[in-house]
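Note on naming: letters A, B, ... go to the chains in the order of the sequence lines (proteins, then strands), and numbering restarts at 1 for each one.
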2 protein chains.
Amino acid sequence: MTIRSGDALPSGPFELGHRSLQAGLREWVRDQTGHPVGYLEQLYTFADRGRTGENIDGRTISISYLGLVREQPAPGAGRPEWHGWYEYFPWEDHRKGRPDILADIANRLQDWADTEPARHEYRQRRIDFAFGLHGAAWNEDLALQRYELMYEAGLVTEAGYPSERGFGRSMFADHRRILATGIARLRAKIKYRPVVFELMPEKFTLLQLQRTVEALAGLTLHKPNFRRLIDQQELIEETGETTAETGGRPAKLFRYRHAILEERALSGSKFPLSRN
Amino acid sequence: MTIRSGDALPSGPFELGHRSLQAGLREWVRDQTGHPVGYLEQLYTFADRGRTGENIDGRTISISYLGLVREQPAPGAGRPEWHGWYEYFPWEDHRKGRPDILADIANRLQDWADTEPARHEYRQRRIDFAFGLHGAAWNEDLALQRYELMYEAGLVTEAGYPSERGFGRSMFADHRRILATGIARLRAKIKYRPVVFELMPEKFTLLQLQRTVEALAGLTLHKPNFRRLIDQQELIEETGETTAETGGRPAKLFRYRHAILEERALSGSKFPLSRN
DNA sequence: AGCCATAATACTCACTTTGAGTATAAAAGG
DNA sequence: CCTTTTATACTCAAAGTGAGTATTATGGCT
C-alpha cells in the first residue's frame, strides 16, 4: 500500500505527541491512505550517514515497520493505492517458473563479479547462493540479500531515476530497500506464524488461502500437501457454508480460529530434547 | 558481558563521528569491556515516552543490538565482566529440570490474573502459554513474553531496586528487558543459523558444543540425536586431534567449516512446494 | 594388574512427517 | 448427458525423528 502513485511507502516524522512509535505510525498510515493497519512489527532502524542522499549530515534516523492491511472496500475517506510488489521486484515472482529477467540479472552480476579479481570468489559465492545458481536452489527468503547484491552491482536505482536505468520499478529514497526487507521478513515469518490470516477476509476457501501464501512467497505450492499442512495446524475451521463463485465444484468456506491465541508457537522446539 | 559489576549492559551515545551505528557500537564495547564483538545484529528500537524514568520527556531513542563475544583470555587492556544470564532470569534455566522458583512465579501471576475479572481469561491464556502451564509445554523461545508478563504483574523491578523486591537480579534502566529480548532472539536463531560457533573456541569437542547450546537454550539435549543433527548439517569437520581433558575416553576435536558461507540457509523451504 | 567410573562414539528401530501422486465428487456450460 | 473445472479424499514410499542400547577408550583406585 503506497502513496504518491506507488513511488513511496507511507511514512512520517516522529512527534512527541504520540504515546509510542507504533501509535504514531498507525495514525500517519490512516491519514495518508485511509486504511487502518492491523498487524505491525518493527523491521529495522537506519541511522547511517548519508543514507538517502537527501540528508547528507547523517542526522536522520529512520525506523521502518512491516504492517499488514486487509484489502477491503475503503472504509474511510481514504484512497489507498495498491501495488503488487512484483512491480518493484519482478525477479522475485516464481509462480510461473523462473522469470526470464533473471538471466539478464545473472549476466550483469557475473560481469560485476569478474571486474574485481581480488573479491571474485566471495562475490561469486554470494551470487550463486542468493540467486540459486550453479547448483544452489532458489530460496524465496533471500529477497533482501538479492536486492543488496544488485544494489552493490549498480543494477537497481533508488530515488527516482527513470526505471529504464535498472531492473524493476524504483521508489523514493531507500523505500525500495525497506520494502525488500519487509518482503524477506514476511516470507520467513509465514512459515512459522499464522500471519497470513491478517490478509484474508473473514471467510475464505482453501484455494484462496493457498493463492495468498503463493503470492507472498512467489512460489506455487502443492495443493494436497498444502491442505494437509493447514489442517494439521488446526488454525482454521469450517463455517458450514460453501461458495460457488470459484467455478467448478463449490468450495467450503473456512474461518480463522482466533481462539488459538496469536502468539502460539507452531514450530515446536526443533531441538533433540532429552527427557528428564 | 556487562559493565558496572553486572548492573548494566555496554552502551553509549550515537555520535556523528561514526560511519554507522554498528561501527560506533563496536568501538564503545571495546572501550568499555576490552573485548571485540564478533557477530552483531540489531534487536529493537525503543522511542517511547518516559521509558526509563530518567528521561521523561521522551526524546531518547535507544537502538539495541545483540552481540556475540568469544570468552577468551582478555586480549587488550580491558577487564570484561562475565555474568551468566540466569542470574537475571533464574526461571529460564531448565537444565536441571523445572526450577522451583517457577511455582512461586506462577502463584503470583495467578493472583494478578484473578484481580481483574474483565481481563481474566486473556491473562490466563497468556500465562499458561508463556509458562507452559495447564497442559501447555515449556517453550524456551518465549523468554521475552515471560519477562513482559512478569513486568506487567509487577514481579520484576527495573532500575536498581533492591533485588529482594522481585524475582532475579535487576539491571539499570530497561537493560534487563533488552537482555530478555536478546535471549529470546538468540534462542530462536540458533535453531536455524549456525551462530553458536561465534561463541566456541577454534577447536572444540562435540560435548562442549552441546553444552554451549544447552546453556543458551536452558535445556538439556539428547546426546546421540544432537550428534546426528550436527553431522547432518555438515557444519563442522574433524581436526584429527583429540583431547583427554574431558575425562573418560579422549574426544575428537572439531572445527567450524567457515567455507560453508555464513548466510547459508539450513532450514530449507518448509513449504509444500510443487514442481514446475 | 585389574576393575570401575566417566566419556565418547556407534548402532538400532519403531513411529511420524514429508514429497509426490492418483482417485473421486460436485458444480456450470454447451 | 458429456466435458471442463475446481474441490476434496486417499495412498504409498522415502526421509526424518524420538528414544534407546551397545561398544570403545581413558584415568584413577584398590
Side-chain angles (χ1 to χ4, degrees), chain A residues 95 137-140 191-192 200 203-214 217 219-255 265-276, chain B residues 95 137-140 191-192 200 203-214 217 219-255 265-276:
Chain A
R95 285 174 295 178
W138 176 262
N139 182 338
E140 74 283 356
K191 289 187 202 108
Y192 61 97
M200 302 302 295
K203 298 169 186 176
F204 50 85
T205 70
L206 289 175
L207 189 57
Q208 284 163 355
L209 181 64
Q210 183 180 340
R211 292 292 178 240
T212 305
V213 173
E214 289 175 339
L219 295 169
T220 49
L221 306 183
H222 186 273
K223 188 145 83 170
N225 291 350
F226 177 77
R227 280 151 180 269
R228 177 172 62 189
L229 186 73
I230 292 299
D231 67 44
Q232 273 170 1
Q233 328 239 97
E234 301 189 300
L235 292 171
I236 62 176
E237 61 193 2
E238 300 185 15
T239 64
E241 302 156 90
T242 60
T243 176
E245 286 168 22
T246 54
R249 173 173 169 177
K252 289 180 189 163
L253 286 171
F254 293 82
R255 83 166 67 84
L266 293 168
S267 47
S269 198
K270 223 201 144 190
F271 277 133
L273 293 178
S274 77
R275 42 170 72 267
N276 78 329
Chain B
R95 284 175 296 178
W138 176 262
N139 182 339
E140 74 282 357
K191 287 184 203 112
Y192 61 96
M200 302 302 295
K203 298 168 184 176
F204 50 85
T205 71
L206 288 175
L207 190 58
Q208 284 164 354
L209 182 64
Q210 182 180 341
R211 292 291 179 242
T212 305
V213 172
E214 288 175 338
L219 294 170
T220 49
L221 306 184
H222 186 273
K223 187 145 81 170
N225 291 349
F226 177 77
R227 282 151 178 269
R228 179 172 61 188
L229 186 73
I230 292 299
D231 65 43
Q232 274 169 2
Q233 328 238 97
E234 301 189 299
L235 291 171
I236 63 177
E237 61 193 3
E238 299 186 14
T239 64
E241 301 158 90
T242 61
T243 178
E245 287 168 22
T246 54
R249 171 173 171 178
K252 289 180 189 162
L253 287 172
F254 293 82
R255 84 167 66 85
L266 294 168
S267 47
S269 197
K270 224 200 143 189
F271 276 134
L273 292 179
S274 75
R275 45 169 72 269
N276 81 326

Distance check needed: [N] [atom2] versus [X] [atom1], whole Å only.
X	N	atom1	atom2	answer
I230(A)	dT18(C)	CD1	P	13 Å
L206(B)	dT6(C)	CG	P	21 Å
R249(B)	dA8(C)	CZ	C1'	5 Å
H222(B)	dT9(C)	NE2	C1'	14 Å
L209(B)	dT9(C)	CG	P	12 Å
N225(A)	dT17(C)	CG	C1'	11 Å
L253(B)	dA8(C)	CG	P	11 Å

(message) Please identify the 5'-most and 3'-most nucleotides of DNA chain D with any atom under 4.0 angstrom from a heavy atom of chain B.
(response)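 Nucleotide range with atoms under 4.0 Å of chain B: dT17(D) to dT26(D).
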(request) Could I get the full list of side-chain hydrogen bond (donor to acceptor under 3.5 Å, both in side chains) partners for R249(A), not counting sequence neighbours? (result)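 side-chain hydrogen bond (donor to acceptor under 3.5 Å, both in side chains) check on R249(A) returns nothing, list empty.
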List, one per line, each side-chain donor-acceptor pair under 3.5 Å for residues 224-231 of chain A, sequence neighbours excluded.
residue: N225(A); atom: OD1; partner: R228(A); partner atom: NH2; Å: 3.3
residue: N225(A); atom: ND2; partner: H222(A); partner atom: ND1; Å: 3.3

(message) Quick check: closest heavy atoms across T205(B) and A251(B), and the distance to 0.1 Å?
(response)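 Looking at all heavy atoms of both residues, the closest pair is CG2-CB, 3.7 Å.
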(message) Can you list everything that forms a salt bridge (Lys or Arg N to Asp or Glu O under 4.0 Å) with E245(A)? Sequence neighbours excluded, please.
(response)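 E245(A): no salt bridge (Lys or Arg N to Asp or Glu O under 4.0 Å) contacts found.
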(message) Could you work out, with salt bridge (Lys or Arg N to Asp or Glu O under 4.0 Å) as the rule, every residue matching K252(A), not counting sequence neighbours?
(response)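 So K252(A) forms a salt bridge (Lys or Arg N to Asp or Glu O under 4.0 Å) with E238(A).
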(message) Considering every strand and a 4.0 Å limit on heavy-atom distances, what is the contact class for L229(B): base, sugar-phosphate, or nothing?
(response)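 Here L229(B) touches no strand at all.
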(request) Could you tell me whether K223(B) contacts a base, only the sugar-phosphate backbone, or nothing, with contacts defined as non-hydrogen atoms closer than 4.0 Å? (result)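 Base: the residue K223(B), judged by heavy atoms under 4.0 Å, touches a nucleobase.
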(request) Give, ordered by number, those residues of residues 238-245 of chain B having at least one heavy-atom distance below 4.0 Å to an atom of DNA chain C; if nothing qualifies, reply none. (result)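 Under 4.0 Å from DNA chain C: no residue of residues 238-245 of chain B.
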(request) Could you say whether R228(A) or G248(A) is positioned toward the 5' end of DNA chain D, judged by the nucleotide with the nearest heavy atom to each? (result)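 Of the two residues, G248(A) wins.
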(message) Taking the basic N atoms (NZ, or NE/NH1/NH2) and the acidic carboxylate oxygens, is any pair closer than 4.0 Å for R255(A) and E241(A)?
(response)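 Not counted as a salt bridge, because no side-chain N and carboxylate O are separated by less than 4.0 Å.
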(request) Would you indicate which nucleotide in dA10(C), dT18(C), dA25(C) comes nearest to any side-chain atom of K252(B)? (result)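 In terms of side-chain proximity for K252(B), the closest of dA10(C), dT18(C), dA25(C) is dA10(C).
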(message) From C-beta outward on P250(A), which listed nucleotide comes closest to its side chain: dA8(C), dA26(C), dG19(C)?
(response)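 Of all the options, the side chain of P250(A) is nearest to dA26(C).
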